[in-house]
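Keep in mind that the numbers below use all heavy atoms, side chains included, and drop hydrogens, waters and symmetry copies. We name chains A, B, ... by the order of the sequence lines, and we start the count at 1 in each one. Because the structure is predicted, anything quoted here is derived from the model rather than measured.
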2 protein chains.
Amino acid sequence: MSVLSEIEDVKQCPKQFVLAINDTLNVMNGKWKMPILASLLYGKNRFKDIQANIEKITPRMLSKELKDLEMNGVVKRNVYDTTPIRIEYELTTSGKNIVKVLDAMVEWGIEHRKTVVEKLN
Amino acid sequence: MSVLSEIEDVKQCPKQFVLAINDTLNVMNGKWKMPILASLLYGKNRFKDIQANIEKITPRMLSKELKDLEMNGVVKRNVYDTTPIRIEYELTTSGKNIVKVLDAMVEWGIEHRKTVVEKLN
DNA sequence: AATATTGATATACTTTAGTATAGTAAGTTG
DNA sequence: CAACTTACTATACTAAAGTATATCAATATT
């Protein structure tokens, strides 16, 4: 095997990595996913609370996005059989672990602003 | 200060963190940013090469997204005064550092698939 | 001299994402 | 019993993102 093709092998991204990145981007994309995740990390978990927490989100979008996040295994919907019925949303373990990705983003973003402002590179 | 407000202080996300996360998402969003970054990480750097590397991207989108990435300080456009003129795109230092974020995404995505498949949580 | 390549841009169109507004069912409060 | 709250859904719309197709200027190739 040539050196070049070896390098190519190393640099080519395995398909499961591409999948993983896509999965991650899917739970963050759109205008409202991040605010919703942040709201749930922060602690708000009832529909009306989240809606109040994220000003300007319409119930349609909140409903749609929560369903989406639930289907993606990031949010869990708990129905309590109290009277009146109470519904609470919470992050799954995976959902909570997204902070790790957010940390990496914060780090990159802050570093990036520094280099861009300093006009390095 | 009450215990509750202390907790709120801890859990609230500083504005610069929000900015940093938004910056990071901006350089990854849309259908083509990731393939373009990947193509440049991999080594392809001329317009036609990138276009060939990413099948189905139209020149309009490639042009638009490269400009966008350039404006965001992630890609550098080098014009070589050879004959014929040659233009090469390369990642800036910040651009290269995005792999750190991608690593976090790969890690989360793989772990997430595991837990979802195993139906934990 | 005709054709191909590079690095694009212009125009018109379609598709997807998000908004505005209204309404519903089940229960609670005054 | 009228009004309000919670947790939504339906319909119709607008805005943003992406596509298709054509074109262009500069140079290279045959």
(Q) Going 5' to 3' along DNA chain D, between which two nucleotides do contacts with chain B fall, using a heavy-atom cut-off of 4.0 Å? (A)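 Going 5' to 3' along DNA chain D, contacts run D/dG18 to D/dA28.
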Counting primed atoms, P, OP1 and OP2 as sugar-phosphate and everything else as base, the B/S/- map of nucleotides 13-30 of chain C against protein heavy atoms under 4.0 Å is -----BBB------SS--
Separation of B/I87 atom CD1 from C/dT5 atom P, in whole Å?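 Interatomic distance, CD1 of B/I87 to P of C/dT5: 18 Å.
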B/I50 has an atom CD1; how far is it from atom P of C/dG7, in whole Å?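 Computing the B/I50:CD1 to C/dG7:P distance gives 9 Å.
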**Asked** Once you round to the nearest 0.5 Å, how far does CZ of A/R77 lie from CD of A/E90?
**Response**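 Rounded to the nearest 0.5 Å, the CZ-CD separation comes out at 13.0 Å.
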Are the side chain of [X] and the backbone N or O of [Y] linked by a donor-acceptor pair below 3.5 Å?
{"X": "B/W108", "Y": "A/S94", "result": "yes"}
{"X": "B/T24", "Y": "B/A20", "result": "yes"}
{"X": "B/T92", "Y": "B/K76", "result": "no"}

* Asked: Does A/E65 come within less than 4.0 Å of A/K67, counting only side-chain N to carboxylate O?
  ->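 The answer is no: the pair does not qualify as a salt bridge.
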A/K33 and its side-chain contact (heavy atoms from CB on, under 4.5 Å) partner, picked from A/N26, A/V27, A/L69:
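It is A/L69, the one option of A/N26, A/V27, A/L69 that forms the side-chain contact (heavy atoms from CB on, under 4.5 Å) with A/K33.
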Check: Is the CD atom of A/E70 crowded by more than 12 outside heavy atoms at less than 6.0 Å?
Finding: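 Yes, because the 6.0 Å sphere around CD of A/E70 holds more than 12 heavy atoms from other groups.
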*Decide salt bridge (Lys or Arg N to Asp or Glu O under 4.0 Å) for B/E111 and B/K114; before the verdict, give the C-alpha distance in whole Å, the side-chain angles of both, and the deciding distance to 0.1 Å.*
CA-CA 5 Å; B/E111 197 55 36; B/K114 258 191 237 166; 3.7 Å; yes
